[in-house]
Amino acid sequence: MMSLEEISQKIQASAKRLLTEGKVEVVIGYRRGSIPMMAAPHFARTEDDCNQLIWTSFARTNLAGYLSKFSGKVAIVAKGCDARSVVGQVVENQILRENLYIIGVGCLGMVDTELIQAKEPRLYREVTEDITTIKLFGADWNTNIVKEEVLRRNCKTCLSRTPKETADELIGDEVQPLPNDNWADLKALATKSPQDKLVYFKNLIQGCLRCYACRQACPLCYCPVCFVDETQPQWLGKSNDEMDTLTFHILRAFHCSGRCTSCGSCEAACPMDIKLREFNRILEEEVQKEWNYVPGLSWEQKPPLTTYRPDDEADFIK
Amino acid sequence: MTEYIVKDKLTFLRALASSGYNLIAPISMKNKIQMAPTDPDKVDLDYLNTFLSPKSLFFPQTEKMMAFHKDLTKSDAFVYKPLGLDQVKPSVIFGLRPCDAKGLSVIDKIFQNNRFTDPYWNTKYEPSVKIGLACLNPGPNCFCTAVGGSPFGEIGLDAITLVRGNGFGLKTLSAKGEEFLKNTSGLEIGDLTGEIADLKKKVEASLPLPLDLSKVQGATILSIFNQPHWKTTADRCLNCGTCTFVCPTCHCFDIQDEQDEEGGVRIRNWDTCMSWLYTVHGTGHNPRPTKTERMRQRFMHKIKYIPMKQDGTCGCIGCGRCVQLCPVNIDIREVAKQMNQG
Ligand code: SF4
Ligand code: SF4
Ligand code: SF4
């Protein structure tokens, strides 16, 4: 298996090559964060910048959301789910394919720091990682944690860990999906009564601060004005009223249906640890069932809910 | 100032709860430690700090300020009447970390000063008795000492305690604290001076050195305002506002009116300078048009404006919450260093 250092070096080399050859103006990737278990999005334009690019399991935010902020040619370091979001940006006309270069990386999954701390609650001073393991160092102790045991939920069920369909180049080994069923828990939810579902959803959003960090971290949420921020008319109250909060989450999920790639950026950004991807997953499954559509795997196919054809076979739409 | 020895933690917490005050203390909620009203038996003292800052005790995320009804048979239909300003049962807050207590005192100077008093803050903050818990084991992202604080800091507290065997050492810090504690059962007068001084020195030594902010202090607002690093850092900022919601000194709010068939309420909600909506004018003009201006505002406020208005006290008290929770690792210490470099 290729080590984290080797993958990082290859990313750096590729970034330098693309910049020197003038193929792109900037390479978007990650660099080491200022604190343990944290990576920072990084925009490399010079050789020095390139030397800071790393591959890590502590990446939190999907980088695809940054693409539309650049007008020139851009390269992006992308794991499977991120590459799918990047494709989404092209399919939805947010960026031009010809301005884009995808450095794909086979991904063994990102880790959930909450799970790490649940396993090792003692106060760490330093944290290191290699490709399969995380090592925590305290004042007079250290612990190894196997990454596969603390993966983010979306990484456990990811079916596109290597972006081989769409990347312009691939770094690292091709990674196979884990044998987990993404929809197992949704089956139980589907059998609940509407009242019980409402209770379930209300519990899910308990503690939500209405900060919208989830929306800001989501590469799909690029609307210049989000419906929750509209003031004329104001669709939604601004307090922590349960129904207003629930409306935000449900409407956002509908806006993302057939587009969400389960990258987990929203949940990773949420300060309150709200598992809001539940809303998206339900619709993700529906879209897959109804239209056999998985977002972000093809440059041509549009998300089913954003297309309209006069000869559509469903007649409710005519 | 009196120093006491508290033999047993639980007996002491029970005494606080039966003092005629509401006991507020750290408890575990949804796997996170939060400050909340509680039974003494449920208090969790094994915590680094509360997950969210304690500001919500006095400045909740959503607060109903006024209400009116639409019953036209009554003469006060459609007249707003204030809510939540009646004399409430005061609280005794146990377990505040010194950084957060200092943070509350920063907001206090903004919400009540010689120009105005915010009654919603004042009614809750003023009568409450705040008992701190000194930090013997600071966390990896704590930096109170970098911004003028201390794990044994006393600002904003009526008394401070430190864990000592099965009990606490306790020192009163204000007349209010003195008065409140003098009748509490289970306290013995003791002498902690040497012990506190030793521990304070030891724990402080494990924390970061003071940040050099001398140039920020000397520089004009405009010269810092126009520094080139703002744009570079803001490039990765998501304007998600997490930093502001979790910060013990961020205090911006928005006021909204809501109504239904029967009546209406005026509500104050937390707001964030990271949002474009926060500053957009009715005309559509926005004085902070991009995320660079919005992000700059937060750091200027913390590191330049608050110190200017509060005799040099930094607006960041070094709790580390935003550093830990910012999804893209914008670290206020790094920003402060850049501001100081000019
Ligand atoms: S779900 Fe989390 S990130 Fe989204 S608005 Fe609520 S608290 Fe913020
Ligand atoms: S938490 Fe970080 S990304 Fe979010 S607004 Fe604050 S600085 Fe920006
Ligand atoms: S700016 Fe960050 S570290 Fe400073 S007081 Fe606020 S949340 Fe804590």
Side-chain angles (χ1 to χ4, degrees), chain A residues 26 28 30-43 58 60-61 63 65-66 69-70 113-114 118 121 123-127 138-139 206-218 224-226 228-231 234 237-241 244 265 268-274, chain B residues 29-32 34 46 48 51-52 56 60-64 137-142 206 232-233 235-246 254-258 265 267-272 274-277 280 282 291 320-334:
Chain A
V26 60
I28 309 179
Y30 295 100
R31 68 172 150 76
R32 220 183 125 89
S34 65
I35 57 169
M37 302 207 269
M38 178 71 81
H42 183 57
F43 308 111
F58 293 119
R60 288 171 72 181
T61 305
L63 301 174
Y66 290 118
K69 312 280 183 300
F70 296 91
T113 47
E114 302 259 346
L123 289 180
Y124 55 81
R125 297 276 148 216
E126 211 195 308
V127 181
Q206 219 182 37
C208 173
L209 297 173
R210 300 286 295 276
C211 65
Y212 308 130
C214 44
R215 173 191 76 187
Q216 296 301 101
C218 172
V225 179
C226 177
V228 295
D229 288 342
E230 293 270 9
T231 52
Q234 181 169 324
K238 301 259 178 186
S239 72
N240 61 0
D241 176 271
D244 281 333
S265 199
C270 175
M272 300 307 288
D273 204 16
I274 284 166
Chain B
M29 288 160 82
K30 270 187 101 187
N31 293 325
K32 295 195 176 354
Q34 308 282 24
D46 184 20
L48 174 60
F51 184 77
L52 288 180
S56 54
Q61 183 197 339
T62 290
E63 180 166 33
K64 293 200 170 110
N137 247 329
N141 303 321
C142 292
S206 72
T232 327
T233 310
D235 269 349
R236 72 174 188 280
C237 175
L238 303 171
N239 267 188
C240 74
T242 296
C243 48
T244 59
F245 285 92
V246 302
D254 177 31
I255 292 178
Q256 295 263 326
D257 286 343
E258 287 183 8
V265 276
I267 310 178
R268 155 153 101 178
N269 298 305
W270 286 354
D271 202 349
T272 167
M274 289 290 181
S275 154
W276 68 276
L277 190 58
V280 73
K291 56 183 184 173
R321 286 185 180 89
C322 64
V323 178
Q324 179 140 18
L325 289 166
C326 170
V328 297
N329 189 222
I330 292 176
D331 185 327
I332 188 165
R333 295 166 295 185
E334 293 186 340

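Computed from a predicted model, the values in this text were never measured in an experiment. Naming convention: chains lettered A, B, ... in sequence-line order (proteins, then strands); numbering from 1 in each chain.
Looking at residues two or more places apart in sequence or on another chain, you find a side chain to side chain contact (heavy atoms under 4.5 Å, CB included) between B/C240 and A/A213, A/Q216, B/L238, B/T242, B/P327. Residues forming a side chain to side chain donor-acceptor pair (under 3.5 Å) with B/T244 (at least two apart in sequence, or on another chain): B/T272.
Side-chain atoms of B/Q256 do not come within 3.5 Å of backbone N or O of A/S239 as any donor-acceptor pair. Distance alone, capped at 3.5 Å, is enough to place a donor-acceptor pair between the B/K30 side chain and the A/Q206 backbone. In terms of modelled atom types and a separation under 3.5 Å, the side chain of B/T62 and the main chain of A/N240 share a donor-acceptor contact.
With contacts defined as side-chain heavy-atom distances shorter than 4.5 Å, the pair B/V328/A/Y66 qualifies. At least one side-chain heavy atom of B/L52 sits under 4.5 Å from a side-chain heavy atom of A/L209.
Note that CD of A/Q234 is 7.5 Å distant from CD of B/E258, once rounded to the nearest 0.5 Å. B/E334 contributes atom CD, which lies 10.0 Å from atom CD1 of A/I35 (distance to the nearest 0.5 angstrom). Here the straight-line distance linking atom CZ of A/F70 with atom CG of B/D235 works out to 5.5 Å at 0.5 Å rounding. With values rounded to the nearest 0.5 angstrom, A/C211 atom SG is found 12.5 Å from B/M274 atom CE. To the nearest 0.5 Å, atom CZ of residue B/F245 and atom CZ of residue A/R210 are 10.0 Å apart. Note that CG of B/N31 and CG of A/D273 are 8.0 Å apart. Values are rounded to the nearest 0.5 Å.
Within the 4.5 angstrom heavy-atom criterion, only side-chain atoms of B/R333, from C-beta onward, approach chain A. Looking at B/V246, only its side chain comes within 4.5 Å of chain A, counting heavy atoms on both sides. Residue B/K64 does not touch chain A at all, counting heavy-atom pairs closer than 4.5 Å. Residue contact with chain B, scored on non-hydrogen atoms closer than 4.5 Å, involves the backbone of A/A39 exclusively. For A/T113, no part sits under 4.5 Å from any heavy atom of chain B, backbone or side chain. If you measure heavy-atom distances from B/Q324 to chain A, the contacts under 4.5 Å come from both the backbone and the side chain. At a 4.5 Å heavy-atom cutoff, the contact between B/N141 and chain A is made by side-chain atoms alone.
Across all non-hydrogen atoms, the minimal contact from A/L123 to B/P138 is CD1-O, 3.7 Å. Across every non-hydrogen atom of A/A40 and B/R236, the tightest pair is CB-NE, 4.0 Å.
A/S34 and B/N329 form a side-chain donor-acceptor contact under 3.5 Å, judged by distance and modelled atom types alone.
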